[in-house]
*Asks:* 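Let me begin by handing over the structure; questions about it come next.
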Amino acid sequence: MRQIIACWASVMRVKLAEQMAYRSHFALSVVLLIIGDLVVPLITLLVYRSGASFPGWNLHEALLVQAIFVLAKGIAFPFFFRYGWHDAVACTGGHL
């Protein structure tokens, strides 16, 4: 278990270093990530402010469902989607 955690930690360090190699790229990635996560709640807010609604849902319930989805995606994305199998194999093979 410690080897898996150490492997995952080294992969995360390398990937973060890759992203931070160019500061402007890193800053732009962070800004675009935040904007992308805010688009859907802002659309929901505009829909409810215009008087329309999703049937059976009030504004707070709709935003809560979207917030839970964004939180779950934020937790799962670094662990399962972003860093591929190739990095784990390279780490266990001693190439990383």
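Note that this is a predicted model, so its numbers are computed, not measured.
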*Asks:* Quick check for you: to the nearest 0.5 Å, what is the distance between L71 atom CG and L64 atom CG?
*Replies:* 10.5 Å
*Asks:* Do you know which two heavy atoms are closest between F54 and T44, and how far apart they sit?
*Replies:* CE1-CG2, 4.1 Å
*Asks:* To the nearest 0.5 Å, what is the distance between CG on L42 and CZ on R49?
*Replies:* 11.0 Å
*Asks:* What distance separates L45 CG from S50 OG, expressed to the nearest 0.5 Å?
*Replies:* 10.0 Å
*Asks:* I75 and M12: same hydrophobic cluster, using ILVMFWY side-chain contacts below 4.5 Å?
*Replies:* yes
*Asks:* Using 0.5 Å steps for rounding, measure from the CD1 atom of I35 to the CG atom of L28.
*Replies:* 8.5 Å
*Asks:* Holding to side chain to side chain contact (heavy atoms under 4.5 Å, CB included), I want the full list of residues that pass it with S29, two or more places apart in sequence or in another chain.
*Replies:* Q19, H25
*Asks:* Of all residues at least two apart in sequence or in a different chain, which pass the side chain to side chain contact (heavy atoms under 4.5 Å, CB included) check with V70?
*Replies:* D37
*Asks:* With clusters defined by side-chain heavy atoms of hydrophobic residues (ILVMFWY) lying less than 4.5 Å apart, directly or transitively, does V65 cluster with I43?
*Replies:* no
*Asks:* Sequence neighbours left out, what pairs pass side chain to side chain donor-acceptor pair (under 3.5 Å) with at least one residue falling in residues 56-65?
*Replies:* none
